[in-house]
J.: 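One structure coming up, written as structure tokens, with questions to follow.
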Amino acid sequence: MGDLDTQNVEEETDFEGSATNTGPKGVIQDWRKFKLISEDQESIPPCKKEILRQMSSPYKPPSKEEKDTKEKLSRKMSMQECELINDKEDEQCLKKYRKQYMHEMHQRLSFGPKYGYLVELRSGDEFLEAIEKERKNTTVIVHIFADDIKGCEALNNCLTCLALEYPTVKFCKIKAADTGAGERFSSDVLPTLLVYKAGELISNFISVTENLNEEFFAVDVESFLNEYGLLPEKDMQGIIGDNGEGDIE
């Protein structure tokens, strides 16, 4: 009996934080130990508890596969960011170049005359003056027509529209009988388009409506003239306003 009590005492004094006793005395001893530990924990400030928790948590280094995945994601994001930055820089350079180009075109064209309407010539002298006294870089397109010739009226309407879209081009019309050389412009060759630059004839189209559909519009005449490079680029026209000023972007 004495040996058994001695064994219980040894088991009670041998407690190191884990419950090894199953008897009544062992349970009481475990409870007392737990209570002391709990009281000590309550007295520790929260910030220290967190530090102790972090220190007591086991650290598991990332595996090689996790490292490789992380590096790939990091590298991928870096490439995307680099491409995004490059795209933005390219876009800014393109805008800057376009702005400079448009500004130069604006400066070059804004000093020239602007028309925007179909000029009606009433005599041979006005015809010659419209050609010879114009600036060297101005394109002059003259429509020689007759009221009784099919297609002449439609062509005049088309040229009126084009004059609005191409204000730096001088569009004119004159009746064949008013040119002073009516015998040269018979009904067989009408309607005729004559194109001049720097006082020189650079293109002439007799019976021009034969190159168009029976029913034609301004876009058809525009396409026809563009085939021969007789009209300036549309974007150059767009930067010029009615007063010679345009929005540059």
J.: Distance from Y117 atom OH to L164 atom CG, nearest 0.5 Å?
T.: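 One finds 12.0 Å between OH of Y117 and CG of L164.
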J.: Would you mind telling me which of I141, N204, I206, I131 makes a side chain to side chain contact (heavy atoms under 4.5 Å, CB included) with L194?
T.: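 That would be N204; it is the only one of I141, N204, I206, I131 passing the side chain to side chain contact (heavy atoms under 4.5 Å, CB included) with L194.
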J.: Which value, rounded to the nearest 0.5 Å, describes the distance between E215 atom CD and D220 atom CG?
T.: 9.5 Å
J.: Taking atom CD of E200 as the centre, does the number of heavy atoms from other residues, nucleotides or ligands within less than 6.0 Å exceed 12?
T.: no
J.: Looking at CG of L230 and OH of Y166, how far apart are the two atoms once the value is rounded to the nearest 0.5 Å?
T.: 11.0 Å
J.: Decide yes or no on side chain to side chain contact (heavy atoms under 4.5 Å, CB included) for K170 and Y196, but give the supporting numbers first.
T.: CA-CA 10 Å; K170 187 174 184 178; Y196 297 86; over 6 Å; no
J.: Quick check for you: to the nearest 0.5 Å, what is the distance between D147 atom CG and C152 atom SG?
T.: 8.0 Å
J.: Is I149 linked to L121 within one hydrophobic cluster, defined over Ile, Leu, Val, Met, Phe, Trp and Tyr using a side-chain heavy-atom separation of less than 4.5 Å?
T.: yes
J.: What distance separates L190 CG from D148 CG, expressed to the nearest 0.5 Å?
T.: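 So the gap between those two atoms works out to 8.5 Å.
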J.: Indicate the atoms forming the closest heavy-atom contact of V189 with R184, along with that distance.
T.: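 Minimum heavy-atom separation between V189 and R184: CG2-O, 4.1 Å.
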J.: Any link between L225 and V208 through a network of hydrophobic side chains (Ile, Leu, Val, Met, Phe, Trp, Tyr) touching at under 4.5 Å?
T.: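 Both belong to a single hydrophobic cluster.
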J.: Minimum heavy-atom separation for I174 to S123, with atom names?
T.: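 Where I174 meets S123 most closely, the heavy atoms are CD1-O, 3.6 Å.
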J.: If you apply the rule side chain to side chain contact (heavy atoms under 4.5 Å, CB included), what do you find for F185 with T179, and how did you get there?
T.: CA-CA 9 Å; F185 298 107; T179 61; 3.9 Å; yes
J.: Test side chain to side chain contact (heavy atoms under 4.5 Å, CB included) on V195 and Y228 and set out the steps.
T.: CA-CA 11 Å; V195 185; Y228 296 90; over 6 Å; no
J.: So, do L159 and F145 sit near enough that their side-chain heavy atoms are less than 4.5 Å apart?
T.: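 Side chain of L159 against side chain of F145, heavy atoms only: no contact under 4.5 Å found.
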J.: Could you check whether any side-chain heavy atom of C158 comes within less than 4.5 Å of a side-chain heavy atom of E222, counting everything from C-beta outward?
T.: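 Result no, sub-4.5 Å side-chain heavy-atom pair not found.
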J.: For E210, does the CD atom have more than 12 heavy-atom neighbours from other residues, nucleotides or ligands under 6.0 Å away?
T.: no
J.: Please enumerate all residues that pass ring-ring contact (aromatic ring centres under 6.0 Å, His included) together with F216, with sequence neighbours excluded.
T.: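 Here no residue qualifies.
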J.: Tell me which one of L231, L212, N211, N226 satisfies side chain to side chain contact (heavy atoms under 4.5 Å, CB included) with V221.
T.: L212
J.: Nearest 0.5 Å please: distance from the OG1 atom of T139 over to the CZ atom of F171.
T.: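 The CZ atom of F171 is 9.0 Å from OG1 of T139, to the nearest 0.5 Å.
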J.: Any ion pair linking E153 and K173 (charged N to carboxylate O, less than 4.0 Å)?
T.: no
J.: Between L162 and V169, does a side chain to side chain contact (heavy atoms under 4.5 Å, CB included) hold up when you go through it step by step?
T.: CA-CA 9 Å; L162 293 180; V169 177; over 6 Å; no
J.: Between P232 and T168, which heavy-atom pair has the shortest distance, and what is it?
T.: CG-OG1, 4.0 Å
J.: Same hydrophobic cluster for V142 and L201, using side-chain heavy-atom links shorter than 4.5 Å among ILVMFWY?
T.: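 Yes, same cluster.
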J.: Determine whether a donor-acceptor pair (N or O, by modelled atom type, separation under 3.5 Å) exists between the side chain of S207 and the backbone of D188.
T.: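 Yes; judged by distance alone, with no hydrogens or angles, the pair exists.
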